[in-house]
Amino acid sequence: MPQAAIDRSLRAILSDLGVVVSEIHLERPRDPSHGDLATNLALKVASELGRAPREVAEEIAQRLNLETAGVEAVEVAGPGFLNFRLSTRTVASVLNEIAAEDKDFGRSSEGRGRSVMVEFVSANPTGPLHLGHGRQAALGDAISSLLGWTGWKVHREYYYNDSGRQMDLLALSVRARYRALLGQEEPLPQDGYRGDYVLEVAEALSKEVGTRFLEDNSDQALEEIRNFAVQILRAEQDRDLSDFRVHFDEYFLESSLYKNGLVDKTIQDLRATGLVYQHEGATWLRTTEFGDQKDRVMIRTNGMPTYFLPDVAYHKNKWDRGFERVINVQGSDHHGTMARVRSGVRALGLPEGYPEYLLHQMVRVERDGQEVKFSKRAGSGVTLRELYEEVGVDVARYFFQMRKADAQLLFDLDMALDQSDKNPVYKVQYAHARMCSIFAKARVAPEEVAADVAHLELLREDLERELVKRLGEFPATVERAANQVSPHVLSDYLEQTAGFANSWYHAGNPTRSPQLAVLVEDEALRTARLALARAVQIVLRNGLVIMGIDAPTRMVRKRDQSVE
RNA sequence: GCCCUCGUAGCUCAGGUGGAUAGAGCGACUGCCUCCUAAGCAGUAGGCCACAGGUUCGAGUCCUGUCGAGGGCACCA
């Protein structure tokens, strides 16, 4: 990459000047007259050297070996910026790198094969997944993928509570519906689950067991009902996720923490720290020791643990399984658990800031400017499946990823259902498909497109240069998105890159400027442009792969909203 | 009351570590095309970056406060 050569040259000069700098920030200036790349380096180190920024910049510019840095010109501007104009050869050589690396272009090794766990979705099996889970599924999957591309060994995990009060509530809700179905009215419990899906489970139950649970109020009967309901609802969630192309390496049951004695072990270990005390009949942990706002109850007066205890046990277990880095993707309503869990595991000797959290805000859906609120089946909200069956999985995944997690997400159904370039998802996919259609028309296999530097130097149109530069930024963009745990950084890049690619393509429309078409008569130029199209294709495809979105070679428009 | 996140164009949102004239999409407006290189293309207008202070050569970005939106502050999950 051109950045790397300049970076090396600058570092050499700096060490001659006797300055150490951890990172050199090279950016693409907005204003093209400021060159292809710019750095504020001189401004940064000027004070350390006790010299004027412009003077330092001048000296760096003078010492720079243009040839080695792959630069055609360097100039000092403004308060002391260094602006670089890349040589055409440097710009062009990017395309060969992209073609050579192909499916791996954009991968890096920053993670050095270390393990990271991403825990996400983690919904309890009490009903269908809703939009919040969808956002989380898309975000968690994309983050996992980004980490994989930057050299981490990623473990996707789903944790769920298969015991406890919510489950009992579910069982009672199902039982009430089941009995009502068989003519014996039973009121839903307070805070019971009201969605139509509970009725579906009840119907299935009655088919399975007949009237067996009509009179039986035993705990054992209730547990059977619970297990039955959980099995059905878990299966439904699995289908919802799998059809959404989200898959996990491991499903972790809360109940296993009790079965394996990890909860008991945790409370013992905590007691050994001396941070545990009794107060008004409950057992507390002094989490304020680690900056929590108040101490937390671990075991209630009635002898039952709160959720805090298994949470700590679970995260200690993550650590013990070798995950020194863990990212929990959760709704921002879980904000309160963050300080608690971190304090709890710190008491057990784990490092500060473990685990990491990515909290996302709520999702709203709008149609015709009106908020869509209801799902009869789910009882409340809109289910994930309802959404992606209407707009398609690609669109749903993209929309969930295209905003930063800590901002609320407005899901605009009118935009989502638009099948033109106005829809960012299709814009990127069209751009990819257009590149594919060029190869089809030229009757060449994309893998066989090759051009040497002499050809590539012919790419002198502004749009072409701009495109090449952008394509070269793909690996750095993937890294930034991964480091910031922010998939929207990537979707933003793809959308803009697709925009440039589309403009480039349209510019060569036969009725406008046929000399700008990819498939021009001049064979050398044609070769060069095919190589550019190939690079665009690779970058867009790799980006979409990371996002978990199809990169179609041909777009087929759906006639209407009915299922294909 | 305390804590966290957010506040940028009419709308939805980007704005690497503080850097040069604050960007994109939608919508609006103006041209162009009816080509088959795709369900159009090109361009224009639109901003007190919520507000008030501060830090500094320089603030949308950092600090303090105010206002507004969302969420969290359980022996619930």
Side-chain angles (χ1 to χ4, degrees), chain A residues 22-23 25-27 29-31 33-34 38-40 43-44 46-47 52-53 77-81 83 124 126 161 164-167 169 191 254 279-284 293-294 296-308 311 331-340 357 359-362 364 366 369 402-412 414-415 418-424 426-427 430 433-434 437-438 441 476-477 479-481 483-484 486 488-489 491-493 495-496 499 502-512 514 516-519 554-558:
Chain A
S22 60
E23 200 177 337
H25 184 55
L26 279 168
E27 67 173 19
R30 290 187 230 288
D31 187 338
S33 74
H34 292 148
T39 181
N40 60 355
L43 293 150
K44 288 275 179 206
S47 62
F81 292 101
N83 294 338
N124 290 339
T126 56
N161 173 341
R165 191 164 155 272
Q166 295 305 314
M167 292 297 104
L169 215 49
D191 305 325
E254 188 201 11
H279 178 65
E280 292 180 349
T283 306
W284 297 68
Q293 286 192 299
K294 50 174 290 194
R296 305 293 173 177
V297 171
M298 294 191 303
I299 301 174
R300 294 182 260 169
T301 313
N302 65 9
M304 300 294 289
T306 61
Y307 250 56
F308 176 44
D311 272 354
S332 59
D333 55 334
H334 285 75
H335 175 256
T337 64
M338 203 165 90
R340 232 178 303 176
Y357 283 85
L359 301 181
H360 65 87
Q361 302 249 8
M362 54 182 273
R364 286 175 299 142
E366 263 187 23
M402 74 179 179
R403 303 290 183 227
K404 55 180 174 202
D406 53 12
Q408 293 178 26
L409 173 67
L410 180 69
F411 201 113
D412 182 343
D414 302 313
M415 168 98 65
D418 188 300
Q419 291 180 50
S420 73
D421 277 9
K422 288 175 190 169
N423 184 331
Y426 292 122
K427 179 175 175 178
Y430 275 124
R434 284 183 178 117
S437 78
I438 292 172
K441 189 169 176 194
T477 305
E479 263 183 57
R480 190 153 51 88
N483 291 340
Q484 294 180 5
S486 301
H488 81 273
V489 168
S491 62
D492 246 42
Y493 168 87
E495 192 182 337
Q496 284 179 32
N502 287 333
S503 293
W504 176 61
Y505 176 82
H506 287 307
N509 187 303
T511 60
R512 291 169 59 201
L516 293 180
V518 174
L519 303 178
R554 215 162 60 84
M555 296 296 281
V556 180
R557 188 182 195 191
K558 288 179 203 151

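Reminder, nothing fancy here: chain letters follow the sequence lines and each chain counts from 1.
Distance CD1 (A:I438) to C1' (B:C36): 14 Å, rounded to an integer number of Å. In this structure, the NZ atom of A:K404 is 5 Å from the P atom of B:A14, given to the nearest Å. The OH-P distance, from A:Y505 to B:G40, rounds to 14 Å in whole Å. In this structure, A:Q496 places its CD atom 12 Å from P of B:G23, rounding to the nearest Å.
Nearest-nucleotide mapping onto RNA chain B: of A:Q484 and A:P79, the residue sitting toward the 5' end is A:Q484.
OP1 or OP2 of B:G27 sits under 4.0 Å from a side-chain N or O of A:K422. Contact between the side-chain N/O atoms of A:Y493 and the OP1/OP2 oxygens of B:A14 is not found at any separation under 4.0 Å. Between B:C41 and A:H506, a contact under 4.0 Å exists linking OP1 or OP2 to a side-chain N or O.
Using modelled atom types, one finds a donor on one side chain and an acceptor on the other under 3.5 Å when comparing A:D418 with A:S420.
Heavy atoms of A:A77 sit under 4.0 angstrom from at least one base atom. Among the heavy atoms of the strands lying under 4.0 Å from A:L43 is at least one base atom, whether or not backbone atoms are also near. Within 4.0 Å (heavy atoms only), A:N40 reaches at least one base atom of the nucleic acid. If you check every strand for non-hydrogen atoms under 4.0 Å, A:R480 touches a base. Using a 4.0 Å heavy-atom distance criterion, A:A476 is classed as making no nucleic acid contact. Within the nucleic acid shown, A:Q408 comes within 4.0 Å of sugar-phosphate atoms alone, with no base atom in reach, counting heavy atoms only. Note on A:T283: nothing from the nucleic acid sits closer than 4.0 angstrom, heavy atoms only. Nucleic acid contact class of A:H488 (heavy atoms, under 4.0 Å, all strands): sugar-phosphate only. Heavy atoms of A:N483 sit nowhere under 4.0 angstrom from any nucleic acid atom. Looking at heavy-atom distances under 4.0 Å, A:D421 makes contact with sugar-phosphate atoms alone, never a base. Residue contacts for A:A433: at a heavy-atom cut-off of 4.0 Å it reaches a base atom on one of the strands shown. Contact annotation for A:T301: base contact, defined as any heavy-atom pair under 4.0 Å involving a base atom.
Remark: A:D421 engages A:R434 in a salt bridge, criterion side-chain N to carboxylate O under 4.0 Å.
Using atom C1' as the reference point in both B:C49 and B:G60, the two lie 5 Å apart (nearest Å).
The shortest heavy-atom contact between A:Y430 and A:Q419 is OH-O, 2.8 Å.
Once rounded to the nearest 0.5 Å, the distance linking OG1 of A:T306 with CZ of A:R296 reads 10.0 Å. In this structure, NE2 in A:H335 is found 10.0 Å from CD in A:Q361, a value given to the nearest 0.5 Å.
Put simply, the side chain of A:N83 and the base of B:A20 share a donor and an acceptor less than 3.5 Å apart. No hydrogens or angles were tested; on distance alone, a donor-acceptor pair under 3.5 Å links the side chain of A:Y430 to the base of B:A39.
For the pair A:F81 and B:A20, the ring geometry qualifies as stacking, because the centroid separation is below 5.5 Å while the planes lie within an angle under 30°.
In this structure the side chain of A:M338 reaches within 4.5 angstrom of the side chain of A:L359, judged on heavy atoms.
A glycosidic torsion no more than 90° from 0 defines the syn conformation, and B:G16 adopts it.
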